[in-house]
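Working notes, structure below.
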Amino acid sequence: MGRGLLEVHLVDAKGLAGTDFLGKIDPYVIVQYRSQERKSSTARDAGRNPSWNEVLKFQISSTAPNVQHKLVLRIMDHDNFSRDDFLGQATINVTDVISIGMEKGKSEMSPAKYSVVTADNSYHGAIKVGITFTAATKVEEDGVQVGGWVHSYRD
């Protein structure tokens, strides 16, 4: 498919399932693309409607055609004295945005809402995410110009 930079803009979430009985939940998001994982900041005392407004970046390097590219966003509740709680997750297929970006150099998906699925497979809330893919140029890939034809005529 190609190489480039995938930027995931975490905007906010609405109507998340609340798990803390002693106070507001402190949500954060773990975004996974294949073996890469990035973690957002924690929205302290944000409750069920947190706002992050931050960008997480992933290096894309895929030569396999016809592969599904997807992001998995796991929403967690930060806890100080116990294990963090799983609040739900959303999956976003980014195959098209990467394909179009490889063709045109850059592709964007405006921020949109994706349903959050909880541990019991029910829908509870939504997370708003925007995605941008920028294809790497040949110069960026290897540090030198690759490809093309060079005339090497000798006398």
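Numbers here are sequence positions counted from 1.
Distance CZ/Arg38 to CG/Leu73: 13.0 Å, rounded to 0.5 Å. For the atom pair OG1 (Thr42) and CG (Asp77), the distance works out to 9.0 Å, reported to the nearest 0.5 Å. To the nearest 0.5 angstrom, Met109 atom CE is 14.0 Å from His9 atom NE2. The distance from the OG atom of Ser51 to the NZ atom of Lys14 is 7.0 Å, given to the nearest 0.5 Å. Taking NZ of Lys57 as the start and OG1 of Thr132 as the end, the distance is 10.5 Å to the nearest 0.5 Å. The CG atom of Leu56 lies 10.0 Å from the CD atom of Glu7; values are rounded to the nearest 0.5 Å.
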Does Lys128 form a side chain to side chain contact (heavy atoms under 4.5 Å, CB included) with Leu10? I'd like the steps, not just the answer.
CA-CA 7 Å; Lys128 191 174 187 181; Leu10 289 175; over 6 Å; no

In sequence, state the C-alpha distance, the side-chain angles, and the governing distance for Ile127 and Trp52, and then conclude on side chain to side chain contact (heavy atoms under 4.5 Å, CB included).
CA-CA 11 Å; Ile127 186 166; Trp52 295 281; 4.1 Å; yes

Could you go through the side chain to side chain contact (heavy atoms under 4.5 Å, CB included) check for Val116 and Leu87 one step at a time?
CA-CA 8 Å; Val116 174; Leu87 299 177; over 6 Å; no

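Judged by distance alone, the side chain of Gln32 and the main-chain N or O of Arg34 form a donor-acceptor pair under 3.5 Å.
With a 4.5 Å cut-off on side-chain heavy atoms, Leu71 and Leu6 count as touching. In this structure, the side chains of Asp84 and Tyr28 come closer than 4.5 Å at one or more pairs of heavy atoms. For the pair Phe58/Val31, a side-chain contact is recorded, criterion being any heavy-atom separation below 4.5 Å from C-beta on. Under the 4.5 Å side-chain criterion, counting only non-hydrogen atoms from C-beta, Phe133 is not in contact with Lys106. The shortest side-chain heavy-atom distance between Leu5 and Gln59 falls under the 4.5 Å cut-off. Using a 4.5 Å cut-off on side-chain heavy atoms (C-beta onward), Val11 and Val129 make no contact.
In summary, Glu37 and Arg74 engage in a salt bridge, as defined by a charged side-chain N under 4.0 Å from a carboxylate O.
Residues Asp85 and His78 bring no donor and acceptor atom of their side chains to less than 3.5 Å of each other. A donor-acceptor contact under 3.5 angstrom links the side chains of Asn93 and Thr95, judged on distance only.
For the pair Pro50 and Asp12, the tightest heavy-atom approach, listed with the atom from each and the gap, is O-CB, 3.1 Å. For the residue pair Phe86 and Ala119, the shortest heavy atom distance occurs at CE2-N, 3.7 Å. Nearest heavy-atom pair across Thr91 and Lys70 is CG2-CD, 3.8 Å. In terms of heavy-atom proximity, Ala126 sits nearest to Lys113 at CB-CB, 4.2 Å. Between Asp79 and Arg83, the closest heavy-atom pair is OD2-O, 3.3 Å. Heavy atoms only, all atoms of each residue included: Ala17 and Ile25 are closest at O-CD1, 4.0 Å.
Residues Tyr114 and Val94 share a single hydrophobic cluster, defined by chaining ILVMFWY side chains whose heavy atoms lie under 4.5 Å apart.
Taking the side-chain hydrogen bond (donor to acceptor under 3.5 Å, both in side chains) definition, one finds that His124 meets it with nothing, sequence neighbours left out.
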